[in-house]
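Take a look at the structure set out below.
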Amino acid sequence: MKIFVLITLCFFFFFGLSLYRVSSEIPDRELGHASLPPRGWNSYDSFCWTISEEEFLQSAEIISQRLRPHGYEYVVVDYLWYRRKVKGAYVDSLGFDVIDEWGRMIPDPGRWPSSIGGKGFTEVAKKVHGMGLKFGIHVMRGISTQAFNANTPILDSLKGGVYEESGRQWRAKDIGLKEKACAWMPHGFMSVNTKLGAGRAFLRSLYKQYAEWGVDFVKHDCVFGDDLDIDEITFVSEVLKELDRPILYSLSPGTSVTPAMAKEISALVNMYRITGDDWDTWGDVVAHFNVSRDFSTANMIGTKGLQGKSWPDLDMLPLGWLTDQGLNEGPHRTCKLSLDEQRTQMTLWAMAKSPLMFGGDFPYITGIKGTNKKSKVISPNLSEVGTSDTHVLGLTTCKDSKANGWSIEALDQDLEQICWKEKLGNRFEEPFCFYKRKTLLTADEETIYNQRYQGQLHLLAGEGMEFCLNASPKRKLTSKESKRGSLSPCKRDANQMWDLNTSGALVNSYSGLCAIANSVEAKVDSGGIRSWIATGRRGELYVAFFNLNTEKTVISTNISSLAKALPGKNLNRASCKCREVWSGKDYGVIKQSISTTVETHGCALFVLNC
Ligand SMILES: *[C@@H]1O[C@H](CO)[C@@H](O)[C@H](O)[C@H]1NC(C)=O
Ligand SMILES: *[C@@H]1O[C@H](CO)[C@@H](O)[C@H](O)[C@H]1NC(C)=O
Ligand SMILES: *[C@@H]1O[C@H](CO)[C@@H](O)[C@H](O)[C@H]1NC(C)=O
Ligand SMILES: *[C@@H]1O[C@H](CO)[C@@H](O)[C@H](O)[C@H]1NC(C)=O
């Protein structure tokens, strides 16, 4: 296993925990199944399908040591644990699976040596339980094409022996629905006909075996969203209810799922995906905002589920050390999200009370602390509660004395910032700044560049970000026009070159106009800003500001807006103490409003005790 440390992860997990009021002190059976959004680790984002027993148990050991004290309890083997890892085998290959005489999938003994001798996952589950964790597996819809082609007999797990009905023995070809193959793995699996006793007997034989192995969690794939198979979900849910062993029931993925579709199944399961697969791109993070809001508005978070509760699931967290979708390979690269984007993802998942399944590989995590206390989970209100001020860059004639408002400041030896000196209205707590970009040019390029743009600067939106301040997209601006400052990918273009002179004028090299900063209040529903509230342990409030824009933005809310989003809750306005979680900054007692500058793609999370 490769060594990769992401210090911030500890904070992430601790944070996820405190927002959820983890209750390891209360046994599940008192509260029911999945009384809180389930948390744990899943092998998919870091190993795709290729994980071995040794790698899995190593990961489980780390979860047990580092995250179990904070409520992370499930370790889940994702798909194709039955596929032999040999040349020619890949996600949609046919004929490489290990199946038993009844057409059921069994672990590939090459990757899962403890399964030899018909033991399935028994030994792995035992070891996982010995670590104080719960064991989960991924399963596909219906029956495998391999079992169908082999026309294996159906096991009657109630009576023993081959399933007989109407005076005959039933086989795989009697129950498999070839026309209902899994759309994204068409060679792998197909639905079974649950209207037939034999179809139901086959499904029962699978889940009874999982329970015998000691499985605590099944992630049932290709039955929901675009692949909906309501009959199979309904029957599997019934089987799980009959079993002695409580098994948590999870559905995946959830492409195109709406609250209306989810209402049909939420009481049958414990968690269900509400999006397609999430990977480590900003677009994937953004795609989870509206759907979270919609499920919150529809009151679907933490409703009644299978023998307990049911949770909309935003998918695994692809943070840390990862592989790529569909690859025959384990972890080999780090997460592509910036630190701000990772925080945004973690904050969004926690605000929406999604299950938290870490997807990356992480041999060790350090420094987690915190305590677990019981508390009830209240549905968050993900309606917008804030407003935003967008920093806007205007251009004006350099004769305007107001333009001399910029100053340069060295943050360290390599990093300089150019900031607008004046605070922009009351809302602005922090100045409006850009970072000076380092030149990343070859020696040749540098000579030409230096001649043309001597002493001039590229200005970045954020440290390390490749978005440059752009004065004019296309046309020449006249001194009369004032244009919203824009950021666009950095290029060598006169519109993006700036000169800061000793009077504090920031002169654009294309137009000769000077930059000036303004603020504009925007209504918080434009999709660029999200501002949400959730209630937590002992009634404290969590207020999250998310900035989806490519510009730094000041986001604000006031006590009246918060009170409106929490009907029936009495906010003691005289003493709302406020702290921001990620920075640790203490905002003291809030009388009227909370306001802060949020980085591009970043977030702020306030904890209020009112
Ligand atoms: C999210 O919803 C808002 C308003 O309901 C809409 O304006 C916006 O376009 C949506 N965003 C996406 C990415 O669909
Ligand atoms: C800075 O630039 C502005 C605009 O070109 C000019 O009016 C001003 O005199 C310059 N100040 C100095 C000290 O060069
Ligand atoms: C709070 O914010 C709302 C929405 O922006 C606004 O209508 C209201 O006047 C503000 N109230 C106070 C007391 O500032
Ligand atoms: C959520 O907040 C909005 C205002 O922001 C309010 O109108 C609505 O009633 C709240 N919903 C719930 C379920 O509390």
Side-chain angles (χ1 to χ4, degrees), residues 255-259 274-276 278 281-303 314 344 348 351-353 377-388 395-408 418 421 454-457 471 477 479 494 497-516 522-536 539 541-550 555-571 593-594 601:
T255 317
S256 326
V257 170
T258 57
I274 56 173
T275 61
D278 175 73
T281 67
W282 176 242
D284 278 7
V285 176
V286 171
H288 289 79
F289 279 90
N290 277 5
V291 72
S292 299
R293 173 203 58 197
D294 295 345
F295 276 75
S296 158
T297 309
N299 286 316
M300 297 296 286
I301 298 175
T303 52
L314 301 185
T344 293
L348 167 59
M351 284 299 284
K353 293 196 156 69
V377 178
I378 305 169
S379 272
N381 189 332
L382 307 186
S383 322
E384 311 301 337
V385 293
T387 56
S388 72
L395 289 175
T396 179
T397 167
C398 294
K399 296 205 178 85
D400 185 346
S401 64
K402 272 198 274 173
N404 298 332
W406 300 92
S407 64
I408 193 157
I418 293 183
K421 286 178 299 201
Q454 205 181 4
Q456 297 186 332
L457 314 166
L477 293 174
S479 59
M497 304 310 302
W498 300 89
D499 191 0
L500 180 70
N501 79 9
T502 50
S503 312
L506 190 57
V507 190
N508 177 247
S509 84
Y510 178 68
S511 61
L513 294 171
C514 278
I516 187 166
K523 224 173 127 34
V524 186
D525 61 1
S526 56
I529 300 294
R530 311 315 291 264
S531 152
W532 290 346
I533 188 164
T535 33
L541 305 179
Y542 292 89
V543 176
F545 292 161
F546 299 100
N547 179 11
L548 314 192
N549 291 324
T550 49
I555 307 179
S556 314
T557 187
N558 61 34
I559 301 280
S560 341
S561 303
L562 300 184
K564 217 175 105 196
L566 299 163
K569 195 172 156 63
N570 222 348
L571 297 188
S593 62
I594 312 170
H601 297 182

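All ligand and atom numbering here is 1-based and tracks the order in the structure.
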Among [options], which residue places a heavy atom closest to [atom]?
atom: atom 5 (O) of ligand 1; options: R293, E384, H288; value: R293
atom: atom 1 (C) of ligand 1; options: V286, V291, L548, N290; value: N290
atom: atom 13 (C) of ligand 2; options: L506, T502, N404; value: T502

Check for a donor-acceptor pair, side chain of [X] on one end and backbone N or O of [Y] on the other, with a separation under 3.5 Å.
X: T397; Y: D400; answer: no
X: S531; Y: G386; answer: yes
X: T344; Y: H601; answer: yes
X: T396; Y: C514; answer: no
X: N381; Y: A565; answer: yes
X: W406; Y: A515; answer: yes

Next on the checklist: Once you measure the plane-to-plane angle for W532 and F289, does it fall in the parallel (<30°), tilted (30-60°) or perpendicular (>60°) bin?
Outcome noted: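 Because their plane-to-plane angle lies in the 30° to 60° range, the rings of W532 and F289 count as tilted.
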Next on the checklist: For S561, which part has a heavy atom under 4.0 Å from ligand 4: side chain, backbone, both, or neither?
Outcome noted: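 Neither part.
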To check your reading of the model: name the closest protein heavy atom to [atom], its residue, and the distance in Å.
atom: atom 8 (C) of ligand 4; value: N381 ND2, 3.9 Å
atom: atom 4 (C) of ligand 4; value: A565 CA, 3.9 Å
atom: atom 7 (O) of ligand 2; value: C398 O, 4.3 Å
atom: atom 2 (O) of ligand 2; value: N501 ND2, 2.1 Å
atom: atom 9 (O) of ligand 2; value: S503 OG, 4.5 Å

Checklist entry - Does an N or O anywhere in R530 fall below 3.5 Å from an N or O of ligand 1? => result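 No, no N or O pair falls under 3.5 Å.
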Next on the checklist: Can you name the atoms of ligand 4, numbered from 1 with element, that are less than 4.0 Å from a heavy atom of K564?
Outcome noted: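 Here the atoms of ligand 4 in question are 6 (C).
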Next on the checklist: Other residues, nucleotides and ligands only: do more than 12 of their heavy atoms fall within 6.0 Å of NZ on K569?
Outcome noted: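 Counting neighbours around NZ of K569, more than 12 heavy atoms of other residues, nucleotides or ligands fall under 6.0 Å, so yes.
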